[in-house]
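Each remark here refers to the structure printed beneath this line.
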Amino acid sequence: MKSLRTIALKEAQNRISPEVKSPSAKISDFFGANVFDKKKMRDFLSKDVYEKLISSINQGELINSDDANQIATAMKAWAMSAGATHYTHWFQPLTGTTAEKHDSFFEPSGDGAIEKFAGSALVQQEPDASSFPNGGIRNTFEARGYTAWDPSSPAFIMESKAGKTLCIPTVFVSYTGEALDYKAPLLKALSALDKAAVDVCQYFDKSITKVNASLGIEQEYFLVDESLFNARPDLLLTGRTLFGHMSAKGQQLEDHYFGSIPERVFTYMVDFENEALKLGIPLKTRHNEVAPSQFECAPIYEEINLAIDHNQLLMDLMEKVARRHHFRVLLHEKPYAGINGSGKHNNWSLITDTGKNLLAPGKTPKNNLMFLAFFVNTIKAVSEHADLLRASIASVSNDHRLGANEAPPAIISIFLGSQLNDVLDEIEHSRISKKIKEDNALWLGIPKIPQILLDNTDRNRTSPFAFTGNKFELRAVGSSANSSAPMTILNAIMAEQLVKFKTEVDKLIKKGDKKDIALLTVIKKYIKESKSIRFEGNGYSQEWEDEAAARGLSNIKTTPKALDAYLTEKSADLFASTNIYSKREIHARHEIMLENFYKKLQIEARVMGEVANTAIIPASIAYQNALIENVKGLKDLGIESKSSLEIVKKLSEHLDIVKSNIDAMLEERKVTNKIEDTREKAIAYDEKVKSYFDIIRYHADKLEQIVDDSVWPLPKFRELLFMK
Ligand SMILES: NC(=O)CC[C@H](N)C(=O)O
């Protein structure tokens with residue numbers, strides 16, 4: 001019988017890409033075609049209701065049930081005119097993926113049938129899905145959960161060959177009102193940030209009434225041929241390779257990054273981009289990434305809630321469209337040990353309703369004071385809550401990625417670039433005279449910030465949080481993550497920080513300081529207090545680990561311990577003051593994250609055992625048997641040959657180590673599974689069960705290098721990485 005690998009290799013060699021036709025040569029012709037956007041709202045709604053909906057989107061005003069009915073009817077009319085038969089609330093439970101439960105518009109009525117979609121069905125639903133992670137919040141006897149419409153993210157139509165579905169973005173909360181998803185806390189953090197930032201903006205510009213966070217998400221991913229993927233149980237079940245010797249050629253020639261995009265991949269990219277563009281996802285960039293078979297796409301930045309919905313939708317689309325091309329997309333942070341992993345770099349900024357980017361240095365010194373206020377408060381916020389930010393990007397898969405191959409280390413630090421570092425140093429050491437009467441004299445005290453910063457594109461890739469000219473880039477986020485987790489924290493800590501800033505500035509003003517002097521005094525104080533978080537050097541070096549320790553910065557390398565930061569008193573104060581998590585909610589989330597962590601390791605350990613026992617060991621023994629025959633045959637002929645015998649012995653050595661460690665790991669799992677406390681269990685999985693992975697893999701990979709290539713059961717790295 002032919003092995004799955006042999007069949008897969010043959011299939012992978014004969015791929016023909018499906019034909020991809022763009023709806024139009026001009027993207028603007030079809031951009032947002034499947035979105036119930038403002039233009040369509042205007043077409044389908046009365047002027048009065050349209051305006052109410054817009055003010056609900058902008059100001060969060062409530063929509064009454066009559067208006068909700070009208071909006072639902074309009075949405076249904078639009079969706080049906082586009083061919084949709086069903087609708088669903090679309091939400092982001094704590095599984096990490098998106099969730100949907102379709103209902104048809106169709107309803108039997110009297111002697112016929114009608115298509116119906118009531119306002120109540122738009123606004124709220126009760127998915128009878130009691131099996132989402134809830135960390136103990138929902139017992140099965142009170143399993144109700146509600147999805148509630150988020151008007152700030154427009155409804156859209158998901159297309160598939162077999163049908164179309166109207167999707168309504170929603171939050172997901174329990175019967176008792178606790179958040180069970182990623183979106184609800186994010187919206188709360190954004191609202192806290194809006195208020196705090198507007199208050200600070202008032203020092204500079206009274207016309208600002210709203211501040212939105214903006215986000216541009218770079219998405220890295222790997223592609224692998226579907227047949228090869230299916231022949232690797234580890235990829236299929238865990239999203240990463242648990243075995244595999246690195247291919248002789250990997251990324252050492254640096255010939256993949258920004259290289260010419262392979263035709264088959266390009267066709268796939270155009271296909272998913274078209275789907276994304278129709279859904280209003282403003283994709284702009286595509287390129288080869290550093291590792292072989294690794295790629296990246298990036299949209300233009302958007303309001304943050306929308307940007308995150310779009311990224312979640314994009315990941316779903318990328319996976320769906322990949323199947324049409326006989327590809328599988330790997331969103332795992334580290335599918336292949338030894339080469340670059342994948343990140344989801346989050347480019348974050350703050351934008352006012354007057355169109356000003358608060359993290360862009362201004363043209364005039366006055367604008368620069370405003371910039372400095374937001375810039376320095378960001379640094380201060382991160383320095384105060386570095387551990388929580390670290391926790392927010394923690395996951396079992398990101399643990400593999402952090403600290404190597406252009407991914408930042410677990411130590412949170414901020415890279416500013418030399419120019420802005422100099423500016424902050426100058427302010428720190430300047431003397432602010434309280435006697436200054438003339439505003440102009442004060443401006444002399446503020447160093448000039450060059451309007452065009454030096455080219456910042458070649459930035460420090462080892463920094464978790466880097467300033468890039470007019471935004472901060474949180475590079476630590478993993479490629480498979482829902483950005484809401486870190487963005488909820490980033491916006492919440494910024495909100496808390498801005499409130500504190502305002503309190504301090506107001507105090508000085510009350511004492512008689514001029515406003516600008518008060519602002520500068522507090523900014524200067526923060527620069528001093530947050531100095532230890534700033535770092536420009538190589539984040540991978542031992543010197544940095546040592547220096548960071550001396551500075552008192554944490555370096556928590558693994559998830560179960562990093563997650564502790566969610567439960568500190570400092571974090572509890574933050575969650576309470578910004579209203580993003582109740583105690584019950586954060587404990588539930590903490591529990592869910594720990595469970596997710598150990599369950600994924602449990603699956604990996606099982607897959608390792610299974611693949612080693614049923615594929616690697618049998619293939620190695622079969623080859624060994626052939627060699628034994630050979631040794632015997634040679635002996636019969638009176639030929640003295642050492643090489644076959646040596647290989648037989650080597651095989652035995654590696655086989656024994658693989659087998660004994662698989663058995664020992666199984667025993668360790670049995671013990672670990674009995675641990676009741678989730679945190680302890682997660683730590684035991686990490687420190688005990690996982691500690692077997694390396695040794696098992698090392699010897700299995702040695703076997704791969706010895707056993708006859710034609711009988712090796714698993715597609716090899718060179719095939720996974722280079723066949724496309
Ligand atoms: N060139 C890059 O920016 C590589 C980034 C890297 N892939 C990461 O894990 O974040």
Side-chain angles (χ1 to χ4, degrees), residues 215-224 239-241 246 250-261 265 269 284-299 301 311 314-315 318 329-348 389-390 392-415 417 455-469 471-483 485-487 490 535-536 538-540 544 557 559 562 717 720-721:
L215 188 65
I217 300 179
E218 298 166 27
Q219 179 69 54
E220 295 182 324
Y221 61 99
F222 280 83
L223 286 175
V224 60
R240 75 178 183 112
T241 49
M246 183 34 80
Q251 64 186 40
Q252 59 273 61
L253 299 180
E254 292 164 339
D255 52 355
H256 188 65
Y257 191 56
F258 284 8
S260 150
I261 301 172
V265 174
M269 286 175 168
K284 174 101 173 150
T285 308
R286 54 166 102 105
H287 62 83
N288 287 5
E289 250 305 323
V290 173
S293 274
Q294 191 189 25
F295 306 92
E296 175 175 316
C297 62
Y301 69 85
N311 178 254
L314 179 68
M315 290 195 288
M318 287 168 77
V329 59
L330 306 178
L331 294 167
H332 193 287
E333 282 75 0
K334 200 79 176 177
Y336 306 101
I339 52 174
N340 272 27
S342 296
K344 185 192 297 261
H345 303 171
N346 278 213
N347 293 282
W348 172 87
L389 199 59
R390 159 70 182 102
S392 75
I393 54 105
S395 69
V396 68
S397 43
N398 213 16
D399 280 0
H400 292 289
R401 164 180 170 257
L402 297 180
N405 299 104
E406 301 185 84
I411 310 165
I412 296 290
S413 66
I414 304 183
F415 172 88
D455 185 0
N456 243 320
T457 49
D458 192 21
R459 49 197 177 257
N460 188 334
R461 293 186 194 277
T462 68
S463 177
F465 197 64
F467 187 68
T468 58
K471 57 186 161 42
F472 279 96
E473 180 183 18
L474 182 60
R475 294 177 61 82
V477 188
S479 50
S480 69
N482 183 321
S483 284
M487 286 301 120
L490 183 61
F535 178 64
E536 301 286 302
N538 174 10
Y540 297 161
W544 172 229
K557 293 206 164 110
T559 294
F717 269 31
L720 298 168
L721 290 171

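Just follow the structure's listing: the first ligand is 1, and inside any ligand the first atom is 1. This one's a predicted model, so the numbers in the text were calculated from it and none came from an experiment.
- Between R475 and ligand 1, a contact under 3.5 Å exists for at least one N or O pair.
- Each of K344, Q219, E218, H345 was scored for a side-chain contact (heavy atoms from CB on, under 4.5 Å) with E296, with one residue passing: E218.
- There is no side-chain donor-acceptor pair under 3.5 Å between N311 and S483.
- Residue contact check for ligand 1: H345 places a non-hydrogen atom closer than 4.0 Å to it.
- Of the options F535, F472, F467, a side-chain contact (heavy atoms from CB on, under 4.5 Å) to I414 is made by F472 and by none of the others.
- Residue, atom and distance of the protein heavy atom nearest to atom 3 (O) of ligand 1 are R461 NH1, 2.8 Å.
- Counting protein heavy atoms only, atom 6 (C) of ligand 1 is closest to E220 OE1, 3.4 Å.
- When hydrogens are left out, the protein atom nearest atom 9 (O) of ligand 1 is R401 NE, 2.8 Å; that is the closest non-hydrogen contact.
- With S397 as the fixed residue, the side-chain contact (heavy atoms from CB on, under 4.5 Å) test singles out one of K334, R240, E333: E333.
- With hydrogens and angles disregarded, no donor-acceptor distance shorter than 3.5 Å links the side chain of N347 to the backbone of Y301.
- At under 3.5 Å, not a single nitrogen or oxygen of V290, backbone or side chain, sits near a nitrogen or oxygen of ligand 1.
- Using modelled atom types, one finds a donor on one side chain and an acceptor on the other under 3.5 Å when comparing Q251 with N340.
- In the vicinity of A407, heavy-atom distances shorter than 4.0 Å reach the ligand 1 atoms 9 (O).
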